[in-house]
4 protein chains.
Amino acid sequence: MPKIVDHEQYRKELLDKCFDLFAEKGYGSITMRQIAEGLRVSTGTLYHYFPSKQALFEQLAQEICEQDLSTALAELQGAQTLQESMEALGRYLVKNEDYFIKWTYIWIDFCQHKDSKEMLKNSIFKRNNQRYQKVIGDLFGIQDSVLASFVLSFVDGLILEKLWGNETIDFIEQCALLGKMLTVYLPQYPAEIKAQTHVLSSLES
Amino acid sequence: MPKIVDHEQYRKELLDKCFDLFAEKGYGSITMRQIAEGLRVSTGTLYHYFPSKQALFEQLAQEICEQDLSTALAELQGAQTLQESMEALGRYLVKNEDYFIKWTYIWIDFCQHKDSKEMLKNSIFKRNNQRYQKVIGDLFGIQDSVLASFVLSFVDGLILEKLWGNETIDFIEQCALLGKMLTVYLPQYPAEIKAQTHVLSSLES
Amino acid sequence: MPKIVDHEQYRKELLDKCFDLFAEKGYGSITMRQIAEGLRVSTGTLYHYFPSKQALFEQLAQEICEQDLSTALAELQGAQTLQESMEALGRYLVKNEDYFIKWTYIWIDFCQHKDSKEMLKNSIFKRNNQRYQKVIGDLFGIQDSVLASFVLSFVDGLILEKLWGNETIDFIEQCALLGKMLTVYLPQYPAEIKAQTHVLSSLES
Amino acid sequence: MPKIVDHEQYRKELLDKCFDLFAEKGYGSITMRQIAEGLRVSTGTLYHYFPSKQALFEQLAQEICEQDLSTALAELQGAQTLQESMEALGRYLVKNEDYFIKWTYIWIDFCQHKDSKEMLKNSIFKRNNQRYQKVIGDLFGIQDSVLASFVLSFVDGLILEKLWGNETIDFIEQCALLGKMLTVYLPQYPAEIKAQTHVLSSLES
DNA sequence: AATGAATGAGCGTTCATTCAT
DNA sequence: TATGAATGAACGCTCATTCAT
């Protein structure tokens, strides 16, 4: 293997560490010096691995998309009923609240970069969203895309409210409520969720 | 006698025009020069009316909170059933989609600015959120705060998805679905909504 | 009398009030707005009476020069011995400490304006200094110009030390010391000072 | 490896070159761009070495205090009598007239900057003045603090008069006069000055 | 590969000055 | 005469980026 492997690997390591940095200060506010300091390298080194701040950010955004959501969502499997699924979702959101808020910050930052937006919207971005919808469908046994969008939007909104400092929102309570409403709304809903067997492998596509 | 200008009124006019400017580029990215250009005044004039960029932004945030909530939501009154209410909400979201997306950008930008965040979270910010929740309660006859948060989060999420370029989301469809789910979930829900008479006046509090 | 008299008079009133303003902040640091506020007029009015900040400052410098020092120095007359004269000088300096420090600030500010410096150095400036030297000669019966310069420099230095925050300097003590030294140094000094009769009128020249 | 530059040394080189720049225009009037130009570096580089204009100025003030006092006054040693000492002082003042005038400008500028005044008056400023007084005492064998202040003020005043363009002042003549006056005033004064052996080392304290 | 010194355009902001009223 | 709104060049300072080492 040529040296390029090490280079690439190191680049990815740096990229990973950038997540928190961008999330905490925002694209516009964080400086390359601060990023370099956070990564424990010099600005020169940073520019050795990334041609520009914009490129670094876009690679980070890419990386987030590429990162397999499967490992994270794996926790949600195993529930026997929809209600249990939703309660697991609530616990999962609580546990990863910080991560989701940061993730949200970064995406929104990204969306304000119009040029890159158009560049990526059609590829990674949309694909990512579709994945989420699919995961929801598989995970919760919701095949109707409108219903999947409903759940997705609701979860987005929960995180957004938290991001806005709304401390009255309780993820567990809200997800439980969603579970109850869905259960009532979907009388045809099977007692046991059988469809989720291949959730993770379905993400590969 | 000086040039005849109603200082306060002109200030508000400028403020209104700032909304789009901030929304399009974000607080951190737009410059005072760009704002001045967008407003067709010099930077000096801009600073004549607003002591700093931060102050300008905060006044804008205030203004949005003060004004739009009541006037905008006024349109949602008049529905006879919850289902109708939700369908009106859907149409309202569609109609003001751009506005809400911009509004969302502005708030999120604001949140990444930590200093102002701490300064305002306790005042305008929280108060605004409480208002929204109250409006939802009054408007849709939902008194349960958990349920109100549910609806609020759902609406937030719809907008966020749109902001993220998710074009598969249909506000009307989604709101209709919410209506159906709520109707099923709340069998005790009265056929006619009577509670909403004083929605707007309740905003005064 | 034409209106110009009022104009001129008002101009001088404004000028007088500028003394403290310039002295406290310095030419470079004070703004025309601050001056206008201190004068209780608008900037427009300020510019109606003075064509520019520089001109205002130069007129002030002129004014200070023109102001008859006689009234102030009059207090120093009446001493019967050199020692008494010097003690009176000490008390006088203590009493007007603030004024002299401000006066010194303004002059030094003025000296840093090279253009105006050259313009005025030869006229008002030098004449002013000669006057001081003359006053010292007449007042203290010191005819030797070197000795007069000595006393002048010493007094300048006392004020400068105070301006620099040296709180250990005691004007009265220092002037008394000067008196003693001069008395010892000038054994031929007459017991009574007779030469000072026309001190004030000599300033007219 | 970075560009090979001794950061500290280069910083001091820049600092030295700043002396004239500040002296000629004054703290308030000179701009960082002008300083950068005078130093033949970019503003960015200037800020790479000094965090702010104020800090640059304070470091300069420090530097002056630390360095010049001892090295400069070293020249004054070696006189056998008070009269000789004073004549050496006169020659020294003539030789360094420009330097002292600039030095005076710098300090006065500094004093009109209130914030820094309060910050430093207690530290560098006062300490510096005390040192000067001590040097005078040691150098001229003057132990009485009132007398030391007298000499200090007189020297300050000489420089101030020169700064004000008074060309009739002759440092040598004036210092010789001071010498004579002191000699007459201090009959107890020893024919040979013995106390000054350790003047310079006394500055260490 | 790695460093950090160097750059300069551009930021938020100020302020002497002008001018419509 | 008097006002204060308006201007824009210039301020102190920042920061993405380049480059000599």
Side-chain angles (χ1 to χ4, degrees), chain A residues 3 6-7 10 28-37 40-57, chain B residues 1-7 10-11 28-37 39-57, chain C residues 3 6-7 10 28-37 40-57, chain D residues 1-7 10-11 28-37 39-57:
Chain A
K3 270 199 170 180
D6 293 331
H7 183 96
Y10 191 42
S29 295
I30 201 166
T31 71
M32 287 298 264
R33 248 179 203 65
Q34 287 169 332
I35 295 170
E37 275 164 29
R40 308 268 191 191
V41 298
S42 64
T43 56
T45 299
L46 193 53
Y47 273 89
H48 185 70
Y49 287 95
F50 307 98
S52 70
K53 188 185 182 186
Q54 164 113 356
L56 168 56
F57 184 67
Chain B
M1 263 177 284
K3 282 187 184 176
I4 292 172
V5 173
D6 185 327
H7 191 99
Y10 192 43
R11 211 198 88 245
S29 297
I30 201 167
T31 71
M32 286 300 263
R33 271 170 194 73
Q34 287 169 334
I35 295 171
E37 275 166 31
L39 260 34
R40 307 269 189 194
V41 298
S42 64
T43 56
T45 299
L46 192 52
Y47 276 91
H48 185 67
Y49 288 95
F50 307 98
S52 69
K53 188 185 184 184
Q54 162 122 352
L56 167 57
F57 189 72
Chain C
K3 271 200 170 177
D6 292 333
H7 183 97
Y10 191 42
S29 296
I30 201 166
T31 72
M32 286 299 263
R33 247 179 204 65
Q34 287 169 331
I35 294 170
E37 275 164 28
R40 308 269 191 193
V41 299
S42 64
T43 56
T45 299
L46 192 53
Y47 274 88
H48 185 70
Y49 287 96
F50 306 97
S52 71
K53 187 185 183 185
Q54 163 114 357
L56 167 57
F57 184 66
Chain D
M1 262 177 285
K3 281 188 184 176
I4 292 173
V5 173
D6 184 327
H7 191 99
Y10 192 42
R11 212 198 89 247
S29 296
I30 201 167
T31 72
M32 286 301 262
R33 271 170 192 74
Q34 287 169 333
I35 293 171
E37 275 167 29
L39 260 35
R40 308 267 190 194
V41 299
S42 65
T43 56
T45 299
L46 192 52
Y47 277 91
H48 185 66
Y49 288 95
F50 307 98
S52 69
K53 187 185 184 184
Q54 163 124 352
L56 168 56
F57 188 73

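- Under the side-chain contact (heavy atoms from CB on, under 4.5 Å) criterion, S42(C) pairs with T45(C), not counting sequence neighbours.
- Closest-nucleotide positions on DNA chain F for Y47(A) and Y47(D) were compared, and the one nearer the 5' end corresponds to Y47(D).
- The base of dG12(F) lies close enough to the side chain of R33(D) for a donor and an acceptor atom to sit less than 3.5 Å apart.
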How does DNA chain F look in dot-bracket form if you count Watson-Crick and G-U pairs under 3.5 Å, write [ ] for pairs that cross, and put | where a base pairs with another strand?
-> .||||||||||||||||||||

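- Comparing atom distances between the S52(B) side chain and each of dT13(E), dA5(E), dG12(F) picks out dT13(E) as nearest.
- Residue contacts shown for L46(D) are absent, as no nucleic acid heavy atom lies under 4.0 Å away.
- Counting heavy atoms from C-beta on, the side chains of Y10(A) and V41(A) come closer than 4.5 Å.
- Atom CZ of F57(D) and atom P of dG12(F) are 13 Å apart (whole Å).
- Side-chain N/O atoms of T45(C) include none lying less than 4.0 angstrom from OP1 or OP2 on dA2(F).
- For H7(B), a side-chain nitrogen or oxygen approaches OP1 or OP2 of dA5(F) to under 4.0 Å.
- dT14(F) atom C1' lies 17 Å from atom OH of Y49(D), rounded to whole Å.
- Atoms CD1 (I30(A)) and P (dT14(F)) sit 17 Å apart, rounded to a whole Å.
- The minimum heavy-atom distance between S52(C) and A55(C), with the atom names listed, is OG-N, 3.0 Å.
- The two residues L46(B) and M32(B) make their nearest non-hydrogen contact at CD2-O, 3.5 Å.
- Rounding to whole angstrom units, CD1 of residue I35(B) and C1' of dT13(E) are separated by 13 Å.
- If you check every strand for non-hydrogen atoms under 4.0 Å, L56(C) touches nothing.
- dT21(F) atom C1' lies 16 Å from atom OH of Y10(D), rounded to whole Å.
- Between atom CZ of residue F50(D) and atom CG of residue L39(D) there is a gap of 7.5 Å, rounded to the nearest 0.5 Å.
- Protein atom CD of Q54(D) is 12 Å distant from nucleotide atom P of dG12(F), rounded to whole Å.
- Both G44(C) and R40(A) lie near DNA chain E, and the one whose nearest nucleotide falls closer to the 5' end is R40(A).
- Checking the phosphate oxygens (OP1, OP2) of dT7(E), a side-chain nitrogen or oxygen of S42(D) falls inside 4.0 Å.
- Remark: I35(A) CD1 to R33(A) CZ distance equals 12.0 Å, nearest 0.5 Å.
- For H48(D) and dT3(E), the NE2 to C1' distance is 11 Å, given to the nearest whole Å.
- Position along DNA chain F of the nearest nucleotide to T31(D) versus T43(C) favours T43(C) as the more 5'-ward residue.
- Following rounding to the nearest Å, K53(C) (NZ) and dT14(E) (C1') show an atom-to-atom distance of 11 Å.
- Distance CD/Q34(D) to OG1/T43(D): 13.0 Å, rounded to 0.5 Å.
- Residues K53(B) and Y47(B) approach most closely at N-OH, 4.4 Å, considering heavy atoms.
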